[in-house]
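Presented below is the structure to which this report refers.
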Amino acid sequence: MSKASQQNTATDANGVSVIHTQAHTSGLQQVPQLVPVSPGGGGKAVPPSKQGKKNSFVDRNSDEYRQRRERNNMAVKKSRLKSKQKAQDTLQRVTQLKEENERLEAKIKLLTKELSVLKDLFLEHAHNLADNVQPVGTETTTTNPENSGQ
């Protein structure tokens, strides 16, 4: 730090060190710097909703407490119902997919059998055609032995 500046360190309520630096000769504005108190430098930040609740005691007989508990209970019920509905929807979808899979498997079997029958018919027809067709260049002439002497 320069000789012209002065440094003050304080710890706030959240356990964070705040370093204030002030320049003597320049007219610069003070800018606080946040530095973690722990030597490791890493710590979880406390969300604003949790900061003031650590040491505060809540009267369990107060209207505010009852209202918060009621809202929380409603939220829990809603969350559980939503979770249950999602599980039921998933189970229903699984059942539908299984049924569709079974239908498709049956269709595959039927089409495989049909393909086999058609293939056999085609091969039989092709074999019959091959037997009836004579190769080119091997034509035989039929001669009648009775007509050969005239």
Worksheet item: Would you say Asp63 has more than 12 foreign heavy atoms packed within less than 6.0 Å of its CG?
Response: no
Practice prompt. Can you measure from CD (Glu102) to NZ (Lys98) and round to the nearest 0.5 angstrom?
Written response: 8.5 Å
Practice prompt. Step by step, work out the side-chain contact (heavy atoms from CB on, under 4.5 Å) result for Leu123 and Lys119.
Written response: CA-CA 6 Å; Leu123 291 175; Lys119 190 186 289 185; 4.3 Å; yes
Worksheet item: Which is it for Leu97 and Asn101 under the side-chain contact (heavy atoms from CB on, under 4.5 Å) test, yes or no, and what are the steps along the way?
Response: CA-CA 6 Å; Leu97 290 174; Asn101 192 32; over 6 Å; no
Worksheet item: Are Arg66 and Glu70 close enough that some pair of their side-chain heavy atoms sits under 4.5 Å apart?
Response: no
Item to complete: Hey, could you give me the CZ/NZ distance between Arg71 and Lys78, rounded to the nearest 0.5 Å?
Response: 13.5 Å
Worksheet item: How long is the gap from CG on Leu91 to CD on Gln96, to the nearest 0.5 Å?
Response: 10.5 Å
Practice prompt. Could you give me the CA-CA distance, side-chain angles and deciding distance for Thr112 and Ser116, then say whether side-chain contact (heavy atoms from CB on, under 4.5 Å) is met?
Written response: CA-CA 6 Å; Thr112 303; Ser116 179; 5.8 Å; no
Discussion item. Pair Arg68, Glu64 - check salt bridge (charged side-chain N to carboxylate O under 4.0 Å, His left out), show working.
Written reply: CA-CA 6 Å; Arg68 284 191 358 218; Glu64 178 189 358; 3.6 Å; yes
Discussion item. Nearest 0.5 Å, please: how far is CD in Glu124 from CG in Leu129?
Written reply: 11.0 Å
Solution key, residues 82-90 side-chain donor-acceptor pairs under 3.5 Å, sequence neighbours excluded:
residue, atom, partner, partner atom, Å
Gln85, NE2, Asp89, OD1, 2.9
Thr90, OG1, Lys86, O, 2.8

